[in-house]
Visitor: 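Before anything else, here's the structure in question.
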Amino acid sequence: MPLDRRQFLRTGAVAAGAAALAAAPAATAAGRDTARAAAGAVRASAASLYPPVGDGTSVLDHRALLGDVVEPQWYEANIPFVDLPDEAIRDTYYYRWRVVKHALKYTGPDEGWILSEFLGPVGYSAPNGGIVAAAAHHIREARWLRDSRYLDDYIDYWLRGSGAGPKPATDFLNKNTTDWAHQYSFWIADAVVARASADGRWDFAVDRLPELQRQWEGWAPQFDEELGLYWQTPVWDAMEYTASSYQSDDPYHGGDGFRPTLNAYQYGDAKAIAALLRRRSGPGDRDAARRYESRAEALRTSQERLLWDERDRFYKHVMRDGNPDRRRIADREQIGFVPWYFHMAPAENAEAWAQLTDPQGFHAPYGPTTVERRSPWFMHEALDGCCRWNGPSWPFSTSHTLTALANLLIDYPAQPWIGPGDYVAALRSYALTHRKNGSPYVAEAHHPDEDRWIYDGRGHSEDYNHSTFNDLVLSGLLGIRPQPGAEVEIAPLAPAAWDRFAVENLPYQGRNLTVLWDRDGTAYGRGAGLTVWLDGRRIHRQPDLRPVRLPVGRAGRRPALPHLVDDLANVARSGYPAASASYTFALDSPARAVDGQDLHIDTPPSRWTNYQSPRAADWLAVDLGVAVPVSDIRISFYDDGGGVRTPDSYTLEHRTPDGGWAELPGQLRTPALPRRGVLNRVLLERPVTTDGLRLTPVRDGGGGVGVSAWQAWRTEDPRLGAAVLTAGDGRVAVAPGRPVEVVTTVTATAAVTLRPELLAPAGWQVAPRRAVHDERVRAGAVLRTRWTVTAPADLPPDATEPLRLLVHSRLEDGSPAVTGDVAPTRAE
């Protein structure tokens, strides 16, 4: 009998990939038992495609709300579902989760996932394509995803990875700073605490305290001791050509100035660091917390003295140079709302918010505007080309403003200047910007008075991930206010006149939170009023939308999600893994099938297709350079509904030691045949160690096929760190035809039984200096192994062939793990 979907969600079995494996048929009746046993063994050892949802409710029709999205199972497993009577806001909400999914980029085993700003590469990004300008917006938006691995990797990219690494101090990349995490203004500590309040994983945030403190202190060169404020160049606030910039001698960069952006960011980050220090409560932490709080209060005092314009009742930019009297500019810019984002502004300054609804202030049908309409710089040259932040409606700044407004309306005392209805109206006008030719869309900037995007470069601005929207729906409109303790505040800004709204199975501190507003009980059939469920159990009901704070208790021990690496990913599209094909359409590339992204849009393209191929079938291959065990392969086929369609079948081969190709043995496919819009998964009964894979998708009647993503995932042991020791240039020196010594290390954070293995390309020779066997390594110890490596005598002098260290172990649940490291070589 078919599985009831409501029961399916209630039992938490949303790891749909694993569940669907059971449907794979055995080849023959005689082999059915053997096949079933093999399939069971594969399922038991395979990581689930998606994190389990756990116990929850099933009130909304998720698939109907999602519409025709690619890989709906990802959304089912990851996002909170909402229902709203305002269709513009509701439809934009689901579109913006698609934007987040598109922005997820897997950069490789070293740093894992990041969230990109542009879908294609740009020349001023940090390594692997990160741009720090909107990174805190990314964290606020993606904190509501159930899979914590995305943000774990992304936060570490900026704090511990190449995103925190050195950059040139050039005019093009910001001459004021020497690392990528300070290229643009950044408020990461506040974002990390906001994320921890939502997911309850405070240990992760506290563990990053040293890096968060280093990031905060890194702005010291831009602190003016006399004034007690930070200065910033507007372009490195991510704001070129502002009203304040036009009043300097450098309209593009803008004159250096004291601004309510970086000062508010540093205030918010200081308060967040203090909160983490108090939570850690180690020796000296309380005193350190008080110092950060004192510095935050000093910033607040200085900002009130210098940046608050008492006459105009607004925070303003103050030029640093050529301005001995510290005069504020005359213009109100939207950045003046930022202090409320961090609860920095005092309650008595709330009159500033009257400007948001003032027709001569920031109000616009597709607003808000980035400078008040009164300003003589409003829309000055704004239609001459990107990017001018002196009037256009800019999602980056709208995100600040609406987050700040929600804080004012929910967390501050009541005031007469602006109300919840204004929040809903502003959110709706923001939602209405998210359209192009009648379809959901977001680019860089929108005309404030006309229904069109004005900064929208083809192949550049599509699904531009530089803002928040869904966080504004969840934490503002629906009022889900995360708390540092085991409780939640629910304070909706939604109109009481609405008959209904719902948020279902929102991941909150390890539990599933559902909130329903049903005025008379007829919309959802679960009773009238505001009702709250926790893990599918009703915990509260009230007749109205007044704010309420509820305990959520401590969640049970959450199983850690496995640490997975994709051995096919090559975000740089150079070196290994190297993709090739028997034929490729002129606008596509084999390398884009393994570039760490899974895009299903025409521009920018990220796919391989054989559109217009003269052959009946074409292959796509990946040369790994050096062998690796393969057991979990995932393929996302591209289908444009026209000349490129989902294949009817495909073969999957591996390169054998003699250089030939053979079909991968023991394949268990889900789905059994290729299906449009889902992730096609192939699990092998036993891992196959190979240095190459080849995929041949075929349409029975001929015609184009395509691949937007091809992955081979391997489970690593998070207790182990593996490394091939290299020279200062990051490579291993080898001598063609002569043996050299190569040293590898394995570091253990817990006692683990393991076995290292060093692999080299075909034609090379590798031997350990002593016998290698399973060995118990204690916590904190380092296992050092010496190997003799001989490269072929005819190795070209410019070759950079890789060596791969693999460390075999078993996880605490007994499942196998293979932890690795790859290092390029240099012929000497």
Visitor: Which is it for Y94 and Y75 under the ring pair (Phe, Tyr, Trp, His ring centres under 6.0 Å) test, yes or no, and what are the steps along the way?
Guide: CA-CA 9 Å; Y94 289 102; Y75 298 88; 8.6 Å; no

Visitor: Evaluate the ring planes of W713 and Y106, with Trp represented by its six-membered ring, and classify them as parallel (under 30°), tilted (30 to 60°) or perpendicular (over 60°).
Guide: perpendicular

Visitor: Would you say S461 and W453 are linked by a side-chain donor-acceptor pair, where the criterion is simply a distance under 3.5 Å?
Guide: no

Visitor: Looking just at side-chain N and O atoms, do R96 and S467 make a donor-acceptor pair shorter than 3.5 Å?
Guide: yes

Visitor: Do you know which two heavy atoms are closest between L65 and F81, and how far apart they sit?
Guide: CD1-CD2, 4.4 Å

Visitor: Should we count CZ of R615 as having more than 12 external heavy atoms under 6.0 Å?
Guide: yes

Visitor: Might you work through the salt bridge (Lys or Arg N to Asp or Glu O under 4.0 Å) test for R804 and E757, ending with a clear yes or no?
Guide: CA-CA 8 Å; R804 189 188 303 274; E757 177 185 18; over 6 Å; no

Visitor: Ignoring hydrogens and angles, state whether a donor on the side chain of Q597 or S606 is under 3.5 Å from an acceptor on the partner side chain.
Guide: no

Visitor: Just by distance, do the side chain of N470 and the backbone of Y93 share a donor-acceptor pair under 3.5 Å?
Guide: yes

Visitor: With no hydrogens and no angle check, just 3.5 Å: does a side-chain donor-acceptor pair link S809 and D717?
Guide: yes

Visitor: Can you tell me if Q612 has over 12 outside heavy atoms packed within less than 6.0 Å of its CD?
Guide: yes

Visitor: Ion pair present between D595 and R592, side-chain N to carboxylate O less than 4.0 angstrom?
Guide: no

Visitor: How about Y464 and F118: are their ring centres within less than 6.0 Å of each other?
Guide: yes

Visitor: Please check this pair: side chain of D648 against backbone of R699, looking for a donor-acceptor N/O pair closer than 3.5 Å.
Guide: no

Visitor: Does the ring centre of W113 sit less than 6.0 Å away from the ring centre of Y154?
Guide: no

Visitor: Give a yes or no on whether Y441 atom OH has more than 12 heavy-atom contacts from other residues, nucleotides or ligands under 6.0 Å away.
Guide: yes

